[in-house]
Undergrad: 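Once you've had a glance at the structure underneath, I'll fire off some questions.
Computed from a prediction, not measured in an experiment: that's the story for all the values here. Computed over heavy atoms, backbone and side chain alike; hydrogens, waters and symmetry mates excluded. Letters go in sequence order (proteins before strands), and every chain restarts at 1.
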Protein chains: 2
Amino acid sequence: MRVSKQQMAENRERILDAAAQLFREKGFDGIGVADLMKAAGMTHGGFYGHFASKEDLMAHAVERSMEGGRALAEQLAAGAAGRPGGALAAVADWYLSCRHRDEMGEGCAVAALGADAARQGPGVRQAITRGIRSFTERLARLVPGGTEAERRQKALATYATLVGALVLARAADDDALSREVLEAARAALPAA
Amino acid sequence: MRVSKQQMAENRERILDAAAQLFREKGFDGIGVADLMKAAGMTHGGFYGHFASKEDLMAHAVERSMEGGRALAEQLAAGAAGRPGGALAAVADWYLSCRHRDEMGEGCAVAALGADAARQGPGVRQAITRGIRSFTERLARLVPGGTEAERRQKALATYATLVGALVLARAADDDALSREVLEAARAALPAA
DNA sequence: ATTATCTATAGATCTATAGATAATGC
DNA sequence: ATTATCTATAGATCTATAGATAATGC
């Protein structure tokens, strides 16, 4: 049952969307090609017409996830324009929210897959590196600071605090401790 | 070929040591019971005399890894006693070193396995939570700050910055960017 | 006629267990 | 006699592929 060119392009998008969500939610090894294709509404044999391998999909899915995070930050920053420091505060409030903590499938790919990405091949590594660069540059335009070098340094430190807080808050099996981490990180950011 | 009670206890330790290292290095799904037992010098059938399941071992291995991290921090802090702020600086310098970044099998379990631990069952979650609590309390005695609440908050934020920086530095497929992250995090800590 | 998808399966790997083996410890 | 370990394997799952099917697009 062949489909139209457009339908095939849409099918590829659906596979990518499912992968971007399910890899973050379950980890690269927590979901197989067959279940991914099922989630996208196809059978698993068709997968290899769209991607060369599971690792190929992983790289594209990481790229998509990172792009989504950057776009959301963009949107939040735009919504808080005007207020000084408001843009960084908006991004930080989202990133350190319980909602973001609890919806691993839709949030930051570095927090969800970063450690595992470090164990993968060049495709995945390069995709996540591009995303890190992009998000860092976006953050650098939000943090306070005189020189560009100062802002970049602050952006990287802020990025680290955000990612680490989310990883800790998700790992902690105790809601009080988990919230404490998120709030402590929020208080430590240059946002104020 | 039965072994003595003491030999069996030593064998269990060897399994735990191999697991603590290999899980951090390759991820929970990146190493199987058979290869773990081979690394410990046994065949995989014997595994189930020591642990109820792979997940049972995962929980014990996480506990051991977290305990090792805390002990190393303890040692570093003791070595830098006297100098004001020196203890925190010593811990931060180790945590944010390229050596720690490159030896995933021997470092912080939260940075290596935190996101994956969040996807595991109660045993693993509880083990990592105990470790997080323990390390946080240790850090709280090193950071500057007036009240105990202030120091605890600073300790949690510091912990987050350390973990996030290491995850980012390991994910980044570019040594310059990777070092930049580590140095930016180092500069942002209250250690000075 | 071409080709995107589906069915079916090969080949590898993984967790867990059953039964055999051989050394300890009462 | 007991029991820690080993050999062998069951049963499940995973990636990838081969060949069949059926709808598109020249």
Undergrad: Under 4.0 Å between a side-chain N or O of B:N11 and OP1 or OP2 of D:dT5?
TA: yes
Undergrad: Scan for ring pair (Phe, Tyr, Trp, His ring centres under 6.0 Å) pairs involving residues 1-37 of chain A, sequence neighbours excluded, and state none if there are none.
TA: A:F23-A:F28
Undergrad: Taking salt bridge (charged side-chain N to carboxylate O under 4.0 Å, His left out) as the definition, give me every residue that meets it alongside B:E180, ordered by chain and number, with sequence neighbours left out.
TA: A:R152
Undergrad: Applying ring pair (Phe, Tyr, Trp, His ring centres under 6.0 Å), which residue pairs with at least one partner in residues 138-171 of chain A are found, sequence neighbours left out?
TA: A:F135-A:Y159
Undergrad: Using salt bridge (charged side-chain N to carboxylate O under 4.0 Å, His left out) as the criterion, list what pairs up with B:D175, not counting sequence neighbours.
TA: B:R101, B:R179
Undergrad: If you take any heavy atom closer than 4.0 Å to DNA chain C, which residues from residues 17-37 of chain A end up in contact?
TA: none
Undergrad: Without decimals, in angstroms, what is the distance between A:Q7 CD and C:dT3 C1'?
TA: 15 Å
Undergrad: Counting N and O atoms only, with roles assigned by atom type, does the side chain of B:Q153 sit under 3.5 Å from a partner on the main chain of B:A149, one being a donor and the other an acceptor?
TA: no
Undergrad: Residues sharing A:M104's hydrophobic cluster, by side-chain heavy-atom contacts under 4.5 Å among ILVMFWY, directly or via others?
TA: none
Undergrad: Does the side chain of A:L16 come within less than 4.5 Å of A:L57's, by heavy atoms?
TA: yes
Undergrad: Can you tell whether the side chains of A:D102 and A:R170 come within less than 4.0 Å, N to carboxylate O?
TA: no
Undergrad: Kindly indicate whether the side chain of B:L166, heavy atoms from C-beta on, has any atom under 4.5 Å from the side chain of B:V181.
TA: no
Undergrad: For A:M8 and C:dA4, give me the distance from atom CE to atom C1', rounded to whole Å.
TA: 6 Å
Undergrad: How would nucleotides 19-26 of chain C be written as a contact map, 5' to 3', with B for base contact, S for sugar-phosphate-only contact and - for no contact, using protein heavy atoms under 4.0 Å?
TA: --BBBBS-
Undergrad: For residues 17-46 of chain A, which residue pairs qualify under side chain to side chain donor-acceptor pair (under 3.5 Å), counting only residues two or more places apart or in two chains?
TA: A:D17-A:R64, A:Q21-A:E25, A:R24-A:S65
Undergrad: Does B:R12 have any salt bridge (charged side-chain N to carboxylate O under 4.0 Å, His left out) partners at least two apart in sequence or in another chain, and if so, which?
TA: none
Undergrad: Wobble G-U and Watson-Crick pairs count when both distances are under 3.5 Å; given that, what is the 5' to 3' dot-bracket string of DNA chain D, with | for pairing to other strands?
TA: ||||||||||||||||||||||||..
Undergrad: Test of understanding: with side chain to side chain contact (heavy atoms under 4.5 Å, CB included), list the residues that count as partners of B:S134, not counting sequence neighbours.
TA: B:R70
Undergrad: Closest approach of B:A39 and B:A18, non-hydrogen atoms and distance?
TA: CB-CB, 4.3 Å
Undergrad: Specify the residues of residues 43-57 of chain B, ordered by number, for which at least one heavy atom lies under 4.0 angstrom from an atom of DNA chain C.
TA: B:H44, B:G45, B:Y48, B:S53, B:K54
